[in-house]
Amino acid sequence: MTARAVRSARRKDAPAGPGYKWVALSNTTLGVLIATMDASIVIISLPAIFRGIGLDPLAPGNIGYLLWMILGYLLVSAVLVVVLGRLGDMYGRVRIYNLGFLIFACASVALSLDPFRAGAGALWLILWRIVQAFGGSMLTANSAAILTDAFPARQRGMALGVNQITALAGQFLGLLAGGLLAAVDWRAVFWVSVPISITGTIWSYLSLRETSAGHPGRIDWLGNITFAAGAGILLAAITYGIQPYGSHATGWQNPWVLGGLIGGAVLLLLFCYVESRVADPMFALALFKVRAFAAGNLAALLTAIARGGLQFMLIIWLQGIWLPLHGYAFEDTPLWAGIFMLPLTLGFLIAGPLSGYLSDRFGARMFSTTGLLVVAVSFLGLLTLPVNFDYGLFAALLLLNGLGQGMFSAPNTSSIMGSVPPEYRGVASGMRSTFQNSGTALSIGVFFSLMVSGLASSLPKALSSGLQTHGVPAGAAEHAASLPPVSTLFATFLGNNPIEHLLASDGVLTHLSAAQRATLTGHTFFPHLVSGPFHHGLAVVFSVAAGMALVSAVASALRGGHRPTHDSPSQDRPPAGADPSETTRRRHNAPSQ
């Protein structure tokens with residue numbers, strides 16, 4: 001062996017020094033930030049991206065490209081994180097994490113160099129977004145486990161709080177960054193990831209080290225296949241349920257969607273059966289016997305659904321109604337929507353690390369439960385606002401929501417990760433990320449469907465009469481009003497004037513007077529027209545979200561008084577085939593919660 005190889009081996013096997021935990025925290029924070037930012041950065045920048053490749057995302061047949069650009073990343077993240085967390089337990093968490101950074105960097109380069117246009121260009125972006133999500137899942141699935149290994153129990157809540165709040169803040173910072181970069185160049189949306197991911201890759205390979213031994217085992221192929229297929233089919237069916245089917249505003253009557261829902265659910269039930277029978281399961285179902293783990297993940301799932309609904313509804317509310325009413329051009333609304341939502345991110349950044357630090361001393365239940373109650377109150381407050389609200393009160397409610405989610409997320413993550421034995425931290429981190437990412441994907445299907453159903457009952461009549469009042473022929477007005485409400489909703493989501501989009505393709509606008517054209521395509525016609533139906537939909541969405549927050553608060557309160565304890569090396573590894581919940585019970589010298 002060469003002298004260089006000996007030095008390298010010694011450096012790799014050397015125990016981590018007292019400062020290593022801060023290196024691990026800073027690197028995993030960077031990894032989680034870039035992974036979660038890229039999950040949302042394209043949402044705001046989609047108009048610029050599709051203009052750049054010469055494709056109208058709202059044209060018939062192109063809505064699928066739009067949905068998969070948004071949801072492809074989320075679906076992969078939801079399906080693969082638990083598998084990659086399990087691989088981290090088996091082959092080394094740092095090894096899988098480092099490989100994730102490398103894959104993410106390569107995908108970022110490929111995205112920024114899209115050589116095609118139109119449909120081929122969209123497919124290139126979708127496929128490389130899926131590869132990028134694979135690398136991002138490696139980062140998020142193992143980051144919490146790396147931190148749990150690196151930090152002592154008395155500081156774990158603070159470290160995981162920083163990590164978790166970074167993940168949540170990244171989703172909203174991505175909206176702001178997407179708006180700013182898309183104004184420069186659509187490729188800049190992907191360029192920004194390149195230097196960060198390359199730097200993170202080099203840094204992680206040089207600085208991170210395995211602080212816990214891997215636990216080799218057999219790969220649970222049947223479990224992997226049934227879970228990936230079941231979750232993927234189920235979430236894809238929910239995605240297509242948003243799109244219209246025949247004369248229906250949504251696709252829930254589509255036999256393929258119904259078949260996907262049923263087939264996905266059956267495969268997931270089969271997955272649960274398989275996992276209860278195999279020797280080395282990818283999904284440690286026995287962890288759900290630990291009350292803190294089960295209650296924390298249930299609360300995280302429901303909160304993620306409510307948070308996703310809030311994010312998308314706020315974007316539509318701001319871009320489609322409030323900002324145009326206040327003089328902003330539709331094409332400028334994506335950027336300003338991200339800016340006006342900053343109080344939400346600020347609340348995360350204030351409450352997350354602080355509540356994580358305090359939960360190390362006083363336990364997670366009080367902070368998590370109180371935070372969810374604050375979130376519920378903020379949703380109820382949003383219910384009382386008129387469509388054309390006063391921004392000061394709106395910003396205060398967003399700040400309150402962010403503070404509540406920050407109070408909940410950091411202690412909840414610490415409670416989940418501290419409730420399992422060390423050798424299960426990788427799979428526990430993956431399971432936690434699966435629930436969170438699945439909640440975000442589910443929220444799109446749930447809340448978009450609620451909103452589309454509400455608009456479908458009242459928007460067509462209001463749209464037809466409003467267009468005819470301003471000179472649009474009855475036939476053209478009826479045709480525009482008969483188009484699926486999801487197209488109108490996506491138009492506002494993409495910063496397009498929905499009326500201009502509905503009428504321009506038929507050449508109707510060219511036959512109207514200049515005054516009529518100015519009125520129909522101005523800032524106020526569509527917002528005033530849609531404000532009533534939209535507010536009704538908002539009331540339903542925020543009521544459901546408030547209910548989910550309250551149920552999450554109950555689940556959080558039932559987690560028990562679990563407090564992470566100092567790890568005992570002698571108890572780190574259970575006997576082969578041991579029940580992880582039994583190991584946890586023995587480690588805490590108390591009945592499992």
Undergrad: Are Leu302 and Leu372 side-chain neighbours, meaning at least one heavy-atom pair lies under 4.5 Å?
TA: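 Contact flag for Leu302/Leu372 side chains = no.
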
Undergrad: Identify, with sequence neighbours excluded, every residue that meets side-chain contact (heavy atoms from CB on, under 4.5 Å) alongside Ile126.
TA: Tyr65, Trp68, Met69, Ile130

Undergrad: Which value, rounded to the nearest 0.5 Å, describes the distance between Leu383 atom CG and His535 atom NE2?
TA: 7.5 Å

Undergrad: Please report the interatomic distance CE(Met548) to CZ(Arg307), rounded to the nearest 0.5 Å.
TA: 12.5 Å

Undergrad: Would you name the heavy atoms of Pro411 and Ser368 that are closest together and state the gap between them?
TA: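 So the minimum-distance heavy-atom pair works out to CB-OG, 3.5 Å.
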
Undergrad: Tell me the closest heavy-atom pair linking Ala555 and Ala295, and the distance in Å.
TA: O-CB, 3.2 Å

Undergrad: If the condition is side-chain contact (heavy atoms from CB on, under 4.5 Å), which residues does Leu325 pass it with, not counting sequence neighbours?
TA: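 Partners of Leu325 under the side-chain contact (heavy atoms from CB on, under 4.5 Å) test: Ile321, Asn388, Thr524, Pro527, His528.
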
Undergrad: Would you say the side-chain atoms of Asn412 pair up with the backbone N or O of Gly296, donor to acceptor, closer than 3.5 Å?
TA: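 At least one qualifying donor-acceptor pair exists.
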
Undergrad: Checking side chain to side chain contact (heavy atoms under 4.5 Å, CB included) for the pair Leu261/Val257: CA distance, chi angles, key distance, verdict?
TA: CA-CA 6 Å; Leu261 294 174; Val257 171; 4.3 Å; yes

Undergrad: Write down the atom of Thr303, the atom of Ala299, and the distance for their closest heavy-atom approach.
TA: OG1-O, 2.7 Å

Undergrad: For Leu310, which residues count as a side-chain contact (heavy atoms from CB on, under 4.5 Å) partner, sequence neighbours excluded?
TA: Leu314, Leu344, Phe379, Leu382, Asn401, Gln405, Phe542

Undergrad: Please give me the minimum heavy-atom distance between Ser143 and Thr28, naming the atom from each residue.
TA: CB-CB, 3.9 Å

Undergrad: Would you give me the side-chain donor-acceptor pairs under 3.5 Å for residues 30-37, sequence neighbours excluded?
TA:
| residue | atom | partner | partner atom | Å |
| --- | --- | --- | --- | --- |
| Thr36 | OG1 | Val32 | O | 2.8 |
| Thr36 | OG1 | Leu33 | O | 3.2 |
| Thr36 | OG1 | Ala167 | O | 3.3 |

Undergrad: Apply ring pair (Phe, Tyr, Trp, His ring centres under 6.0 Å) to Tyr328 and list each qualifying residue two or more places apart in sequence or on a separate chain.
TA: Trp336

Undergrad: Taking atom CG of Leu380 and atom OG of Ser543, what is their separation to the nearest 0.5 Å?
TA: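 Atom-to-atom, Leu380:CG and Ser543:OG are 7.5 Å apart.
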
Undergrad: Please name the pair of heavy atoms, one in Ala351 and one in Leu403, separated by the smallest distance, quoted to 0.1 Å.
TA: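 Distance-wise, the nearest heavy atoms are CB-O, 3.3 Å.
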
Undergrad: Is any side-chain heavy atom of Met407 closer than 4.5 Å to a side-chain heavy atom of Val375?
TA: no

Undergrad: Is there a side chain to side chain contact (heavy atoms under 4.5 Å, CB included) between Leu550 and Leu373 once you walk through the steps?
TA: CA-CA 6 Å; Leu550 290 174; Leu373 293 175; 4.1 Å; yes

Undergrad: Could you check Phe340 against Tyr391 for ring pair (Phe, Tyr, Trp, His ring centres under 6.0 Å), going step by step and ending with a plain yes or no?
TA: CA-CA 9 Å; Phe340 279 110; Tyr391 181 72; 4.9 Å; yes

Undergrad: What's the shortest heavy-atom distance between Ser137 and Val76, and which atoms?
TA: OG-O, 3.9 Å

Undergrad: I'd like to check the ring pair (Phe, Tyr, Trp, His ring centres under 6.0 Å) partners of Phe389; sequence neighbours left out, ordered by chain and number.
TA: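 Applying ring pair (Phe, Tyr, Trp, His ring centres under 6.0 Å) to Phe389 gives Trp317, Trp322, Phe394.
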
Undergrad: Is it true that Phe367 and Phe408 have ring centroids separated by less than 6.0 Å?
TA: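 Judged by ring-centre distance (under 6.0 Å), Phe367 and Phe408 do not meet the cut-off.
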
Undergrad: Does Leu234 reach the side chain of Leu268, with side-chain heavy atoms less than 4.5 Å apart?
TA: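 The answer is yes; the side chains approach within 4.5 Å.
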
Undergrad: If only side-chain N and O atoms count, and only distance matters, is there a donor-acceptor pair under 3.5 Å linking Ser556 with Thr369?
TA: yes

Undergrad: Before you tell me yes or no, could you show the steps for Met341 and Ile315 under side chain to side chain contact (heavy atoms under 4.5 Å, CB included), namely the whole-Å CA-CA distance, both residues' side-chain angles and the distance that decides it to 0.1 Å?
TA: CA-CA 9 Å; Met341 288 169 61; Ile315 291 173; 4.1 Å; yes

Undergrad: So how far is it from Phe288 CZ to Leu298 CG, rounded to the nearest 0.5 Å?
TA: 9.5 Å

